[in-house]
Amino acid sequence: MDTPTPLASIRSYHAHIYFEGAEEHRRAEMLREWIGRRFPVRLGRWHERPVGPHALPMYQVAFAVEVFPLLVPWLMLNRLGLTVLIHPNTGNARRDHLTQALWLGKILEILHPLSLPEADDGSLTLELEPNTFPDSLA
Ligand code: ZN
């Protein structure tokens with residue numbers, strides 16, 4: 001704790017877009033389409049029920065470090081009232097979710113925090129390849 005954590009420890013980011021009920025689901029669909037058209041990200045599958053540490057249904061948006069200054073301010077303006085968790089991926093999933101995250105909207109509980117690994121489990125490099133092909137930025 002007597003030296004700061006270096007920025008280089010952030011290998012990528014996730015944004016988790018939460019929704020609850022049919023109306024928020026529709027907004028989440030619209031937001032997903034907007035993101036996919038604008039940003040080179042990896043859009044994860046829909047989780048219609050809470051999964052892992054996430055207290056509400058959601059989908060994940062995985063993105064590279066250089067996309068952060070484009071996507072995150074855009075989400076500030078365009079999250080459609082939905083709650084968004086943005087966390088770094090440093091290899092310590094517990095810290096990334098519990099103390100190194102930022103929230104847009106409400107702060108939700110992180111479930112089962114002790115089940116989040118504190119060391120790299122090797123999954124970080126697999127999910128970075130974008131699966132979206134944006135036609136414009138902003
Ligand atoms: Zn995540």
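Owing to the predicted nature of the structure, the values given are computational and were not obtained by experimental measurement. In what follows, residues are counted from 1 in the order of the sequence shown. Both counts, for ligands and for their atoms, begin at 1 and track the order of listing.
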(message) Nearest 0.5 Å, please: how far is CG in Leu82 from CG in Leu104?
(response)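 That separation rounds to 10.5 Å.
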(request) With rounding to the nearest 0.5 Å, note down the distance linking CD1 in Ile86 to OH in Tyr13. (result)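 Reported to 0.5 Å precision, the distance equals 10.0 Å.
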(message) Applying salt bridge (charged side-chain N to carboxylate O under 4.0 Å, His left out), can you list everything that pairs with Glu33, at least two apart in sequence or on another chain?
(response)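 Checked Glu33 against salt bridge (charged side-chain N to carboxylate O under 4.0 Å, His left out); matches are Arg37.
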(request) May I ask you to check whether over 12 heavy atoms, not counting those of Leu77, lie within 6.0 Å of atom CG? (result)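 Yes, because the 6.0 Å sphere around CG of Leu77 holds more than 12 heavy atoms from other groups.
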(message) Salt bridge or not between Arg11 and Asp96? Use side-chain N to carboxylate O under 4.0 Å.
(response)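 Result for this pair is no, no salt bridge flagged.
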(message) Regarding Gln60 and His54, do their side chains bring together a donor and an acceptor under 3.5 Å, going by distance alone?
(response)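 Short answer, no.
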(request) Sort by chain and number the protein N/O/S atoms found under 2.8 Å from the Zn ion (ligand 1). (result)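 Near the Zn ion (ligand 1), below 2.8 Å, one finds His14 ND1, His16 NE2, His87 NE2.
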